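Encoded as structure tokens, the structure appears first; notes follow it.
Each ligand, and each atom within it, is numbered from 1 in the order the structure gives. Just so it is clear, the model here is predicted, and its values are computed rather than measured.
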Amino acid sequence: MKNAICEQLGIEYPIFAFTHCRDVVVEVSKAGGLGMLGAVGFTVEQLIEELNWIDEHIGDKPYGVDIVIPQKYEGMGEMDAGKLLEQLESMIPAEHRVFAEKLLSDHGVPGIEDDGTIEGGLAGWTEATARPLLEASLGRPNMRMIANALGTPPVDIIEEIHASGRLVGALCGKVKQALAHKKAGVDIIIAQGYEGGGHTGEVGSIVLWPQIIEAVAPTPVLAAGGIGNGKQMAAAMAMGAAGVWTGSLWLAVEEAAAEPAQKESYFTATSEDTVRSRSYTGKPCRMLRNEWTQAWEAEGNPKPLGMPLQGMVTFDAIKRTHRYAGVGETQQVAFNPIGQVVGQIDRVQSCREVMRGLLTEYVEAIDRLNASLPDV
Ligand SMILES: Cc1cc2nc3c(=O)[nH]c(=O)nc-3n(C[C@H](O)[C@H](O)[C@H](O)COP(=O)(O)O)c2cc1C
């Protein structure tokens with residue numbers, strides 16, 4: 001496809017795939033899109049291992065890394081991750097941990113030994129934990145883009161990424177945020193609508209995308225939230241999007257590492273079965289509705305804490321419900337973030353098949369529109 005973004009990144013199609021699985025990153029990039037590895041849940045050692053594997057398997061194709069680079073706040077720059085963890089842990093009421101544990105044990109979710117993953121559940125949501133992830137990613141020749149999940153990245157970090165010759169993308173769900181991204185020097189703005197999986201805002205994609213595209217022009221905008229097939233991609237491109245940024249589509253592919261029971265819960269869900277819930281991360285995040293999401297809303301129960309505290313309470317639950325997805329009633333309390341396009345996902349496909357489907361349907365949609373025009 002002829003597109004400035006494709007040329008800048010050296011990709012064939014402006015299809016971006018957010019994923020936590022290295023195999024998906026490699027397969028999407030090999031199929032002509034851009035695999036974006038979500039790094040927030042990795043320790044720096046784990047991320048280095050994943051990136052080494054990607055570098056060994058991706059050939060000459062480009063890829064990107066998605067991290068969370070928060071704006072700095074008072075004192076944060078100087079505080080190391082250990083001290084920060086101690087301070088944050090003291091802010092978590094004991095009843096939250098007890099409540100989370102009871103939900104898991106009531107549903108027969110087995111426990112796991114400490115497996116050396118992120119200490120205390122303080123994922124890369126903070127400056128102290130995100131910076132090493134960024135440093136592990138820069139300097140790899142095929143790593144061409146860093147995306148920031150929540151908020152505008154600090155200007156000095158944008159400059160550092162630019163100085164290394166990479167592009168910076170940032171997600172947003174409001175025009176105001178998009179304008180702040182542009183002002184800070186973000187190269188590619190990712191406009192994610194309400195229906196998207198993961199952390200998401202309140203404005204639906206079909207209303208959000210054209211507003212952001214117009215507000216930040218000529219900065220390129222990727223349309224995110226609700227892209228599940230090539231017809232939806234055509235709609236986004238028709239509105240002026242420079243490409244599409246997808247997440248849900250890759251959760252149940254052949255190459256995704258999830259347990260079969262987790263993938264199955266996606267195949268059986270309809271678009272009405274998701275909810276924006278603060279119960280896992282502390283910020284509104286779209287996921288499958290289940291007894292866990294309902295319990296944290298019910299009267300008399302503890303209410304979700306803010307980010308990153310709620311994530312520290314639930315980090316163990318995320319690992320346990322993913323590892324033991326098929327055990328007992330785990331799916332009733334599992335963390336299954338996914339967007340409303342879940343209703344369109346009904347079988348295992350390979351990344352290549354998903355890419356081919358997107359492109360074929362995209363071309364068909366354009367042909368249909370062209371055929372509807374009068375002959376001139
Ligand atoms: C399981 C899951 C986890 C996600 N985690 C992140 C994340 O860590 N960083 C980020 O920028 N976006 C994250 N997102 C959002 C995606 O990047 C993407 O914007 C979103 O999935 C697009 O909407 P869609 O799900 O309808 O395709 C996540 C999405 C899902 C489904």
ILVMFWY cluster, M239 and V175 together (side-chain gap under 4.5 Å): yes

Path from W250 to V25 over hydrophobic side-chain contacts below 4.5 Å: yes

Just which atoms of ligand 1 are under 4.0 Å from any heavy atom in [X]?
| X | result |
| --- | --- |
| A149 | 9 (N), 10 (C), 11 (O) |
| G226 | 24 (P), 26 (O) |
| S248 | 21 (O), 24 (P), 25 (O), 26 (O), 27 (O) |
| T246 | 27 (O) |
| H20 | 3 (C) |
| P337 | 1 (C), 31 (C) |
| D66 | 7 (C), 9 (N), 10 (C), 11 (O) |
| V40 | 8 (O) |

Aromatic ring pairing F335/Y280, orientation class (parallel under 30°, perpendicular over 60°, tilted between): tilted

Quick one: does [X] get within less than 4.0 Å of ligand 1, heavy atoms only?
| X | value |
| --- | --- |
| G225 | yes |
| A147 | no |
| L249 | no |

Heteroatom distance test (W245, ligand 1): nitrogen or oxygen, under 3.5 angstrom: yes

Is it the case that more than 12 heavy atoms not belonging to [X] sit under 6.0 Å from its [atom1] atom?
| X | atom1 | value |
| --- | --- | --- |
| I206 | CD1 | no |
| E135 | CD | yes |
| K303 | NZ | yes |

R368/E364 under salt bridge (charged side-chain N to carboxylate O under 4.0 Å, His left out): CA gap, chis, key distance, verdict: CA-CA 6 Å; R368 208 162 33 244; E364 283 167 2; 5.1 Å; no

Nearest-0.5 Å distance, OG1 of residue T293 to CZ of residue R286: 11.5 Å

Heavy-atom proximity to atom 29 (C) of ligand 1, best of G197, G169, G247: G197

Among R286, Q232, Q192, Q340, closest by any non-hydrogen atom to atom 19 (O) of ligand 1: Q192

Results of side chain to side chain donor-acceptor pair (under 3.5 Å) for K174 - residues two or more places apart only: none

